[in-house]
Amino acid sequence: MIHRVRFATVDDAAGISRVVLSAPHGSNARDDGPGTIARVVRGFTPDRVAAQIAERQVFVTE
């Protein structure tokens, strides 16, 4: 399987958010407390991810 790495765009924000937010409620739930999980969830909404993409270099793979 060939993967392509590229710079993320704001159109990728919702997908990135979905991927990041799957971990706190899954595998990370047994290691992180509710407060930590809540902070991660607040920090990786699609709007927050879009803002991060606008401020720095973010990469995605397809």
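Positions are given from 1 along the sequence. What you are looking at is a predicted structure, and each value in this text was computed from that prediction instead of being measured.
Atoms OG1 and CD1, on Thr9 and Ile16 in that order, are 8.0 Å from each other to the nearest 0.5 Å.
Closest approach of Val19 and Ser22 over heavy atoms only: O-OG, 2.7 Å.
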Below 3.5 Å, can you tabulate the donor-acceptor pairs from side chains in residues 39-56 to any protein atom, sequence neighbours excluded?
unit_1, atom_1, unit_2, atom_2, d
Arg39, NH1, Gly35, O, 3.4
Arg39, NH2, Thr36, OG1, 3.2
Thr45, OG1, Arg48, N, 3.1

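Remark: Glu62 engages Arg4, Arg6 in a salt bridge (charged side-chain N to carboxylate O under 4.0 Å, His left out) (not counting sequence neighbours).
Membership of the apolar cluster around Phe7 extends to Val5, Phe59, as traced through chained side-chain contacts below 4.5 Å between ILVMFWY residues.
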